[in-house]
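Reviewing the structure listed below.
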Number of protein chains: 2
Amino acid sequence: MLMVNKMEYNAKQLQIIQVAERLFAGKGFSGTSIRDIAHEADINVSMISYYFGSKEKLIEALFEVRSVESVTRLETIIANADLTPLQKIFILIDGAIDRLMGNQCFHNIMLREQLSGEDRTQVISDLIFELKFKNWEGLETIIKEGQKKGDFREDVNVSLLSATLYGTVNQIITTQSFFKKINNLEHLTQEEFEKDLKLKLSKHLKSIFKATVAYETIE
Amino acid sequence: MLMVNKMEYNAKQLQIIQVAERLFAGKGFSGTSIRDIAHEADINVSMISYYFGSKEKLIEALFEVRSVESVTRLETIIANADLTPLQKIFILIDGAIDRLMGNQCFHNIMLREQLSGEDRTQVISDLIFELKFKNWEGLETIIKEGQKKGDFREDVNVSLLSATLYGTVNQIITTQSFFKKINNLEHLTQEEFEKDLKLKLSKHLKSIFKATVAYETIE
DNA sequence: TACTAAATCAAACGTTTGTTTGATTTTTCT
DNA sequence: AGAAAAATCAAACAAACGTTTGATTTAGTA
């Protein structure tokens with residue numbers, strides 16, 4: 001049996017991970033059988049055990065690949081010098097929207113895992129913790145900088161603000177079709193709709209953040 | 001086989017629903033077997049088919065019971081006369097926090113269902129739609145009233161504001177333990193923690209809403 | 001070209017799944 | 001008390017599950 005210890009997945013494995021990601025997002029981990037995955041990926045059922053060891057190890061591999069990607073993307077965003085704290089916050093907001101909307105399947109799976117009472121594996125809960133912490137830390141750093149410069153209020157609760165950012169984006173993503181229906185946007189294509197949604201969401205969150213962290217005088 | 005058409009569940013059925021609710025919330029619908037439920041509820045496995053017809057019908061019954069409760073609670077909150085629009089919004093916020101925090105299991109299950117690509121049954125997606133619509137409608141009504149009175153801005157996006165309210169609360173609930181750890185609140189009991197959390201969350205959301213919908217002059 | 005390792009396959013493995021059966025106990029009602 | 005209905009049970013059911021096996025094909029190497 002072939003076994004990979006860390007972060008070296010060949011094209012076939014990545015293809016399996018991609019299919020599994022889509023199915024896990026749609027039907028959940030327990031709701032997806034390895035025969036579903038094998039059928040959709042057009043491979044033999046035994047290939048999953050062969051390549052990953054087990055179904056559990058497959059979802060662990062999925063988390064390893066995708067959370068590394070997500071952390072990388074976040075860190076590129078954070079590393080923006082020569083900007084005011086408020087500008088940095090705005091970039092963080094747009095980055096969050098892009099990351100969450102651009103990887104809906106993975107974030108759907110991650111939301112499911114967070115809803116689970118008992119952790120599936122330590123590996124996964126560690127990766128989720130790391131992601132959440134990096135997100136929180138990114139906001140915390142910028143806010144402290146803004147406070148030191150005198151731009152931001154002193155009584156800002158970073159955890160709650162972080163919850164508002166990621167919670168609002170998640171809520172919008174999971175209730176997209178409701179949003180579409182209620183706002184009479186059903187004539188738009190999915191692409192147009194997403195573009196429109198991103199724009200509105202961005203403006204909405206930026207306005208909330210500005211009103212919450214900055215003194216009124218700031219322009 | 002006994003079969004109930006609508007909304008008449010005896011004590012035993014409600015007990016089964018309660019156990020199923022806790023297990024579905026913890027492990028998901030597919031991740032929970034009827035033997036799990038039967039064991040925890042201390043009944044024979046066949047009683048679930050006997051009382052509800054099937055596992056699917058059981059979760060439908062769960063949704064029927066709980067969403068009626070939730071809608072009822074919401075409607076009692078909305079029916080508040082002799083209050084300013086802003087006061088009504090504040091009551092709506094506290095009501096949402098209480099409802100979501102007080103029924104974490106059911107709302108956990110509902111979140112899972114919303115994450116599912118294909119609906120499990122039409123019954124469930126209809127009930128979820130009704131709940132979402134009532135929530136949205138409640139906010140919409142108050143905001144329009146505030147606009148007519150001249151208290152509120154004209155450019156308020158109700159859908160996004162609604163997403164911020166329910167999204168923030170959901171996010172805080174699903175990441176409670178992270179919130180506890182990051183804010184060094186691990187010495188508190190669960191009861192103390194929840195009380196503290198509700199208070200902070202309430203203040204946070206009220207401040208966001210006030211800044212978003214009301215003109216600066218409002219006090 | 002011949003040998004070796006990797007990849008792929010159909011089939012079977014033992015469990016667990018949701019559901020049904022048929023007998024038995026408990027409750028309800030006259 | 002006695003008949004009828006409802007509730008409960010252990011057992012069995014077929015289907016689906018994740019995983020393993022052992023044979024076969026493909027790819028890489030010398």
Side-chain angles (χ1 to χ4, degrees), chain A residues 1-5 8-24 26-63 109 112-113 116 118-121 123-124, chain B residues 1-5 8-24 26-63 109 112-113 116 118-121 123-124:
Chain A
M1 183 209 295
L2 183 148
M3 188 57 52
V4 184
N5 52 347
E8 283 182 23
Y9 301 105
N10 61 39
K12 203 112 211 171
Q13 287 176 300
L14 290 174
Q15 178 215 344
I16 295 171
I17 287 176
Q18 198 179 338
V19 171
E21 181 178 43
R22 181 166 48 84
L23 295 182
F24 287 161
K27 320 199 283 179
F29 179 78
S30 311
T32 305
S33 72
I34 62 155
R35 283 174 178 81
D36 287 337
I37 301 169
H39 181 256
E40 293 269 320
D42 206 38
I43 53 160
N44 190 274
V45 281
S46 60
M47 297 310 290
I48 286 157
S49 298
Y50 177 72
Y51 273 129
F52 298 96
S54 69
K55 193 186 171 189
E56 296 261 337
K57 295 283 184 61
L58 168 59
I59 197 178
E60 284 185 18
L62 163 57
F63 265 88
I109 297 171
R112 284 182 193 269
E113 288 301 314
S116 290
E118 58 265 18
D119 298 324
R120 200 174 305 283
T121 76
V123 178
I124 292 179
Chain B
M1 182 209 294
L2 184 149
M3 190 56 53
V4 184
N5 53 345
E8 283 183 22
Y9 302 105
N10 61 39
K12 202 110 210 172
Q13 288 175 300
L14 290 174
Q15 178 215 343
I16 294 172
I17 288 177
Q18 197 179 337
V19 170
E21 182 177 41
R22 180 166 48 83
L23 295 182
F24 287 161
K27 319 197 286 179
F29 179 77
S30 311
T32 305
S33 72
I34 62 156
R35 283 172 178 82
D36 286 338
I37 301 169
H39 181 255
E40 293 269 321
D42 206 38
I43 53 161
N44 190 276
V45 281
S46 61
M47 297 310 291
I48 286 158
S49 297
Y50 178 72
Y51 273 129
F52 298 95
S54 69
K55 193 187 172 189
E56 295 259 339
K57 295 283 185 60
L58 168 59
I59 197 178
E60 284 185 18
L62 162 58
F63 265 89
I109 297 170
R112 284 181 193 270
E113 288 300 315
S116 289
E118 58 264 19
D119 298 326
R120 200 173 306 283
T121 76
V123 177
I124 292 179

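Here is how names work: the chains are called A, B, and so on, in the same order as the sequence lines, proteins then strands, and each is numbered from 1. Predicted model, so just to flag it, every value in this text is computed and none were measured.
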Rounding to an integer number of Å, can you tell me how far Y9(B) OH sits from dA7(D) P?
15 Å
When the distance from CG of N10(B) to C1' of dT27(C) is rounded to whole Å, what number comes out?
13 Å
For K55(A) versus F24(A), what's the shortest heavy-atom pair and its separation?
CE-CE2, 4.3 Å
Atom CZ of R120(B) to atom C1' of dG18(C): distance rounded to whole Å?
14 Å
Given atom NZ of K57(A) and atom P of dG18(D), what is their separation to the nearest angstrom?
16 Å
Of residues 30-39 of chain A, the positions that come close to DNA chain D - non-hydrogen atoms, cut-off under 4.0 Å:
T32(A), S33(A), I34(A), R35(A)
Return the set of residues passing salt bridge (charged side-chain N to carboxylate O under 4.0 Å, His left out) with R112(A) (not counting sequence neighbours), or none when no residue passes.
none
Name all residues meeting the side-chain contact (heavy atoms from CB on, under 4.5 Å) criterion together with V45(A); count only those two or more places apart in sequence or in a different chain, and write none if there are none.
I34(A), R35(A), A38(A)
Once you round it to whole Å, what is the distance between C1' of dT19(D) and NZ of K55(A)?
12 Å
Residue list, side-chain contact (heavy atoms from CB on, under 4.5 Å) with E40(A), at least two apart or on another chain
V19(A), R22(A), L23(A)
Short side-chain to backbone donor-acceptor contact, E113(B) and I124(B), under 3.5 Å
no
Partners passing side-chain contact (heavy atoms from CB on, under 4.5 Å) against S54(A) (at least two apart in sequence or in another chain):
E56(A), K57(A)
Would you indicate whether the side-chain heavy atoms of F52(B) and I16(B) approach each other to under 4.5 Å?
yes
Donor-acceptor under 3.5 Å (D119(A) side chain, T121(A) main chain)
no
Atom CD of E56(A) to atom P of dG18(D): distance rounded to whole Å?
11 Å
Could you go through nucleotides 8-10 of chain D and list every protein N or O atom that sits under 3.5 Å from one of its N or O atoms, giving the distance for each pair?
unit_1  : atom_1 : unit_2 : atom_2 : d
dT8(D)  : OP1    : K12(B) : NZ     : 3.4
dT8(D)  : OP2    : Y51(B) : OH     : 3.2
dC9(D)  : OP2    : N44(B) : N      : 3.2
dC9(D)  : N4     : S46(B) : OG     : 3.1
dA10(D) : OP2    : N44(B) : ND2    : 3.4
dA10(D) : N7     : N44(B) : ND2    : 3.3

